[in-house]
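No experiment lies behind these values; they were computed from the predicted model shown. Lettering of chains follows the sequences in order, A, B, ..., and the numbering in each one begins at 1.
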2 protein chains.
Amino acid sequence: MNRLENNHQVPLPALERLASYMRCLMQLEQEGVRTVSSLEMEALTGISAAQFRKDLSHFGEFGKRGIGYDVGKLQDQIAELLRIQKEQPVLLVGAGNLGRALIAFPGWRAYGFRIVAVFDKDPRKIGTQICRIRVRPFEELATTNRQLGARIGIITVPPGEAQPVADCLVAAGVVGIINFAPVKLRLPRSVTVREVCFISELAVLSYLIHTREGPLPPADVSGDGHGVEACEGTTAG
Amino acid sequence: MNRLENNHQVPLPALERLASYMRCLMQLEQEGVRTVSSLEMEALTGISAAQFRKDLSHFGEFGKRGIGYDVGKLQDQIAELLRIQKEQPVLLVGAGNLGRALIAFPGWRAYGFRIVAVFDKDPRKIGTQICRIRVRPFEELATTNRQLGARIGIITVPPGEAQPVADCLVAAGVVGIINFAPVKLRLPRSVTVREVCFISELAVLSYLIHTREGPLPPADVSGDGHGVEACEGTTAG
DNA sequence: TCCTGTGAAGCTTTTCACAGCA
DNA sequence: TGCTGTGAAAAGCTTCACAGGA
């Protein structure tokens, strides 16, 4: 079937899980595993076999009945679904600790992304190199991207500067933004934004651990219950 | 009413939104705003007024009919709901770029968290200071936490080490973990884990920007449509 | 037999619309 | 009048259960 052009909206949670499957498949491939069933995936990812099959079914048919899925092939196919099969240039603004951490992340390649330019407005950072990428002055963003043509931007600047930075990115042709600054960006509807806010994660975690069952016992260091799935939130990866 | 002890499960998405409301309220308070209505919150957060009211209604009644909500008071109340009203100690393992970025984050206090100890196994990092916190040898984790009694841990180590690190944290009494390493942790059910995986965010973003409406136009640098809400995912903050 | 793909059922979350209070 | 709180309706997502191909 392979209706890569899906008309019916694919649920956002399904998309997030696809990325998890990718990661899992990469690992399996490294381990030399050739074939995997939805039930094995369930054991590895904690996402139910039915869910796995349903998620894929939004896009087409990828498995072989009685057998399962070809690890390498499925990886390629999911990459194609997520449109990460060919390299995409990415701009990063903000060469602070977080920016540097992201640049140093070794997994970009495997997911088809490449940070092609880094910008900052701090003169002490401009001109320095981070993982072989030179930090450019923020003012050059628009000019630089006229050559690079990146459509994705990452914002790792302090909250106060995030909005103007976002505006610049959009003016430079960026249509998708990952925002690590803890502020809500106001941008044209044509721009897709995803906010990443780890302090919210902590707040939710705080709620969850304190409401599991009344006040917590002194110290649950039993270590039993091993090999069981951990409780998991929306941001499963 | 104020049934702070909610029996009926609160939807996870609602909890995530509560954290967003917090952030928004903090900002409003700084700006000197005293009262806010659900409709004004909608304009600020992009989350619908009905959703805002419903989210709060899981916990009780917080507003005044005809008026709205008291900014300062609601902030305190949400903090109480999320159990972040009093300071909670947090352990961090992995003093790499990402770990340092997190330690340097200025918002911890406002959300009631405090990083009380940082661990790493790299001898070159041990003993160094990051934002006035000394990096301790990883082996000391259990002993150290016997005094500190932290119940929350953050993992910012390379993927290969995440599982053993998580096991150590749990053995040291941690019951809630934020995992930044791109691997699925297998832990006892009694432990709550939240995975943060920004590369997945990018993958989802890639899908979203490429499926908005066929192939992208050359460069949508119009800049109109201003002041409109940007598309938003689950991880709204 | 084994495992996929999928309609239908079941459950969760969001939105609607309005009663009720200031 | 203005805005909250909330049942009820609608939408969205997940699970079930089984038909059907390898």
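The CZ atom of A:Phe52 sits 15 Å away from the C1' atom of C:dT6 (whole-angstrom rounding). Distance CD (A:Glu42) to C1' (D:dT14): 13 Å, rounded to an integer number of Å. For A:Met41 and C:dC2, the CE to P distance is 21 Å, given to the nearest whole Å. A straight line from CD of B:Gln77 to P of D:dT4 spans 14 Å, rounded to a whole angstrom.
OP1 and OP2 of C:dC2 both lie 4.0 Å or more from every side-chain N or O belonging to A:Tyr69. For the OP1/OP2 pair of C:dC3 and a distance below 4.0 Å, the side-chain nitrogens and oxygens of A:Ser37 include no atom meeting the criterion. Not one side-chain nitrogen or oxygen of A:Ser38 sits closer than 4.0 Å to the OP1 or OP2 atom of C:dC3.
A heavy atom closer than 4.0 Å to some atom of DNA chain D occurs in no member of residues 24-34 of chain B.
The minimum heavy-atom distance linking A:Lys73 with A:Lys64 is given by the pair NZ-NZ, 4.4 Å. Between A:Phe105 and B:Pro182, the shortest heavy-atom distance links the atoms CE1-CG, 4.4 Å.
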Sugar-phosphate means primed atoms, P, OP1 and OP2; the rest is base. With that split, encode nucleotides 12-22 of chain C 5' to 3' as B, S or - using protein heavy atoms under 4.0 Å. -SSB-B--BBS
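Between B:Trp108 and A:Phe198, the ring-plane angle classifies as tilted under the 30° and 60° cut-offs.
In this structure, B:Phe59 and B:Glu80 have side chains that are not in contact, with every pair of non-hydrogen atoms separated by 4.5 Å or more. By the 4.5 Å heavy-atom criterion applied to side chains, A:Arg212 and B:Val175 are not counted as neighbours.
Aromatic ring centroids of B:Tyr21 and B:Tyr69 lie 6.0 Å or more apart.
In this structure, the separation between CD1 on B:Ile115 and CD1 on B:Ile152 is 11.0 Å, given to the nearest 0.5 Å.
In this structure B:Phe180 satisfies the ring-ring contact (aromatic ring centres under 6.0 Å, His included) test with no other residue, sequence neighbours excluded.
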